[in-house]
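Here the structure is laid out as structure tokens; the discussion comes afterwards.
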Amino acid sequence: MQRIGVIMHGITGRMGYNQHLVRSVLAIRDQGGVTLKSGEKVMLDPILVGRNGDKIEAIAKKHNVARWTTDIDAALANPDDTLFFDAGTTQMRGSLLTKAIQAGKNVYCEKPISDNTEEAIAVAKLAESAGIKHGVVQDKLFLPGLRKLAMLRDSGFFGKILSVRGEFGYWVFEGDWQPAQRPSWNYRQKDGGGIILDMLCHWRYVLDNLFGEVKAVSCLGATHIPQRFDEQGNAYVADADDAAYATFELEGGVIAHINSSWAVRVRRDDLVTFQVDGTHGSAVAGLTKCWTQHRTNTPKPVWNPDQPQTIDFYKTWQEVPDNIVYDNGFKAQWEMFVRHLSDNEPWPYGLMEGVKGVQLAELGLQSWKERRWLDVPKIS
């Protein structure tokens with residue numbers, strides 16, 4: 001059995017702990033490793049790294065992880081641990097990835113890979129020149145709902161795709177009378193917060209990989225809730241954008257519009273939904289489910305505001321069956337990256353893909369500031 005020692009930083013946060021440590025790395029450990037083409041297994045051996053020793057130790061004990069430390073330099077100096085993973089704050093990520101690459105580690109990380117394009121490009125170029133293997137999390141591509149959309153696209157179901165409409169978000173409590181579901185730094189500019197930097201990185205890889213490369217963007221941001229309360233119950237100024245209303249022009253003339261908001265109450269099928277309309281058919285997908293409406297099954301409504309609507313539009317769609325059982329999306333991508341490391345299998349999600357996400361987020365912020373459309377140039 002092969003072993004990969006993984007230095008895991010940022011696992012006290014919600015995503016790092018739940019999706020990457022518990023549901024990915026430890027789930028892989030509990031299933032006996034990742035199976036290679038030869039049938040050999042690869043086992044991940046994590047060492048947990050963080051600034052708060054008490055928190056790190058408690059997590060390690062809870063999950064029977066033998067190794068933890070608060071000394072990241074010592075962890076990076078260990079030649080037996082060859083992979084560095086980061087899910088910490090965006091502002092620290094560029095410098096941490098740089099340090100790990102300079103130490104000769106392969107790297108895998110959450111997005112955004114930086115809070116600015118210049119640093120993101122520098123990190124990606126450093127990784128390439130160092131000859132290490134590198135990857136960025138593109139988790140939404142591995143969601144069952146979006147994988148069903150990809151299947152429909154590949155089958156020709158849509159005909160010519162015309163448009164994509166996305167709705168993402170939910171009400172994040174302000175933190176006064178109910179605890180917030182997200183960390184307070186998400187809503188402070190000085191700490192790297194803001195939904196545009198967070199979510200446009202996601203929408204870049206979703207749009208590029210499923211519907212067409214992003215060619216131009218128009219984005220309007222907003223800070224709808226100007227005061228929130230932090231983890232200690234103290235009021236603070238929430239000056240980062242908590243909503244983004246963005247329109248994208250894609251290759252082939254597809255128009256995509258995606259609303260992203262932490263100040264919206266949900267009345268739709270899921271916390272994120274994508275509607276794809278084509279000449280031959282349409283589909284609506286959430287995190288796991290997907291519904292279709294072919295042109296032969298499309299109802300013919302007539303506009304009449306004087307009469308109650310007689311069509312139950314929800315009943316005119318057909319659900320795509322769960323013929324394939326999909327694993328946790330984060331875990332699926334971890335296993336794919338492990339096979340890239342050990343079997344040299346193809347890997348399309350290198351750090352340059354992360355650069356594209358940061359680029360689009362910066363252009364979105366610029367578009368908001370300048371109140372205009374901006375082209376998205378290719379990154380050389």
Side-chain angles (χ1 to χ4, degrees), residues 90-91 93-94 110-128 134 136-138 140-141 146 149-150 153 158-169 189 192-223 240-261 272 274-279 348-380:
T90 303
Q91 286 183 323
R93 186 158 298 131
E110 265 291 351
K111 80 249 123 243
I113 66 169
S114 173
D115 59 0
N116 67 88
T117 306
E118 183 179 0
E119 182 184 52
I121 291 173
V123 171
K125 286 184 175 179
L126 181 64
E128 284 295 311
H134 50 89
V136 60
V137 176
Q138 313 269 261
K140 287 180 173 49
L141 293 178
L146 270 67
L149 282 182
R153 177 205 61 195
F158 294 111
K160 175 179 170 54
I161 294 178
L162 306 173
S163 63
V164 180
R165 292 171 173 82
E167 287 286 345
F168 165 81
Q189 285 188 21
I195 202 167
I196 293 176
L197 179 59
D198 187 356
M199 295 312 302
L200 262 64
C201 292
H202 284 286
W203 306 149
R204 179 68 190 267
Y205 70 75
V206 168
L207 295 172
D208 276 4
N209 284 278
L210 290 181
F211 309 115
E213 187 177 358
V214 179
K215 295 298 185 182
V217 59
S218 172
C219 182
L220 175 66
T223 303
D241 43 285
D242 57 17
Y245 309 94
T247 305
F248 310 92
E249 183 181 1
L250 310 185
E251 189 175 30
V254 178
I255 303 301
H257 181 82
I258 304 179
N259 295 324
S260 310
S261 178
V272 63
F274 292 92
Q275 176 164 334
V276 184
D277 289 303
T279 54
Y349 310 120
L351 289 177
M352 193 54 72
E353 293 303 300
V355 171
K356 293 177 182 178
V358 178
Q359 177 201 40
L360 186 62
E362 280 202 325
L363 289 171
L365 289 165
Q366 182 183 347
S367 170
W368 175 22
K369 180 180 179 181
E370 298 178 3
R371 302 181 69 83
R372 68 184 180 98
W373 275 91
L374 292 172
D375 291 333
V376 179
K378 283 189 176 294
I379 299 173
S380 59

Minimum heavy-atom distance [X]-[Y], with the two atoms named:
X: Met199; Y: Ser260; answer: CB-OG, 4.1 Å
X: Asn209; Y: Arg153; answer: O-NH1, 2.8 Å
X: Ala216; Y: Asp375; answer: CB-OD1, 3.9 Å
X: Arg93; Y: Ile113; answer: CG-O, 3.6 Å
X: Ile196; Y: Gly221; answer: CD1-CA, 4.1 Å

Check: [Y] main-chain N/O paired with [X] side-chain donor or acceptor under 3.5 Å:
X: Ser114; Y: Glu119; result: no
X: Lys125; Y: Ala120; result: no
X: Thr223; Y: Ala240; result: yes
X: Asp241; Y: Ala222; result: no
X: Asn259; Y: Ala246; result: no
X: Ser367; Y: Cys219; result: yes
X: Tyr205; Y: Val137; result: no

Distance, nearest 0.5 Å, that separates [atom1] of [X] from [atom2] of [Y]:
X: Ile121; Y: Ile379; atom1: CD1; atom2: CD1; answer: 5.0 Å
X: His202; Y: Lys140; atom1: NE2; atom2: NZ; answer: 4.0 Å
X: Trp368; Y: Ser218; atom1: CH2; atom2: OG; answer: 13.0 Å
X: Leu360; Y: Glu362; atom1: CG; atom2: CD; answer: 10.5 Å

Report yes if the side chains of [X] and [Y] come closer than 4.5 Å at any heavy-atom pair, otherwise no.
X: Leu207; Y: Leu250; answer: yes
X: Gln138; Y: Val136; answer: yes
X: Val276; Y: Phe158; answer: yes
X: Glu213; Y: Asp208; answer: yes
X: Phe248; Y: Val254; answer: no
X: Val214; Y: Arg204; answer: yes
X: Ile195; Y: Asp242; answer: no
X: Leu210; Y: Leu141; answer: yes

Polar side chain donor-acceptor pair, Thr117 to Gln359, under 3.5 angstrom: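 Gln359 and Thr117 do not have a side-chain donor-acceptor pair below 3.5 Å.
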Polar side chain donor-acceptor pair, Glu128 to His134, under 3.5 angstrom: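 Yes, a side-chain donor-acceptor pair sits under 3.5 Å.
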Working for side chain to side chain contact (heavy atoms under 4.5 Å, CB included), residues Val358 and Asp115: CA-CA 7 Å; Val358 178; Asp115 59 0; over 6 Å; no
Short N-O contact, Glu353 and Lys356, less than 4.0 angstrom: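 Between Lys356 and Glu353 there is a salt bridge, with a charged N closer than 4.0 Å to a carboxylate O.
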Carboxylate-amine/guanidinium proximity below 4.0 Å for Lys111 and Asp198: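 Salt bridge between Lys111 and Asp198, a charged N being under 4.0 Å from a carboxylate O: no.
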Asp277 vs Val164, side chain to side chain contact (heavy atoms under 4.5 Å, CB included): CA-CA, chis, key distance, verdict: CA-CA 7 Å; Asp277 289 303; Val164 180; over 6 Å; no
Those residues that, when tested against Gln366, pass side-chain contact (heavy atoms from CB on, under 4.5 Å) (two or more places apart):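 side-chain contact (heavy atoms from CB on, under 4.5 Å) check on Gln366 returns Leu363, Glu370, Arg372, Leu374.
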Worked check of side chain to side chain contact (heavy atoms under 4.5 Å, CB included) between Arg165 and Phe274: CA-CA 6 Å; Arg165 292 171 173 82; Phe274 292 92; over 6 Å; no
Gln275 vs Glu167, side chain to side chain contact (heavy atoms under 4.5 Å, CB included): CA-CA, chis, key distance, verdict: CA-CA 9 Å; Gln275 176 164 334; Glu167 287 286 345; over 6 Å; no
Phe168: partners by ring pair (Phe, Tyr, Trp, His ring centres under 6.0 Å), with sequence neighbours left out: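 Partners of Phe168 by the ring pair (Phe, Tyr, Trp, His ring centres under 6.0 Å) criterion, ordered by chain and then number, come out as Trp203.
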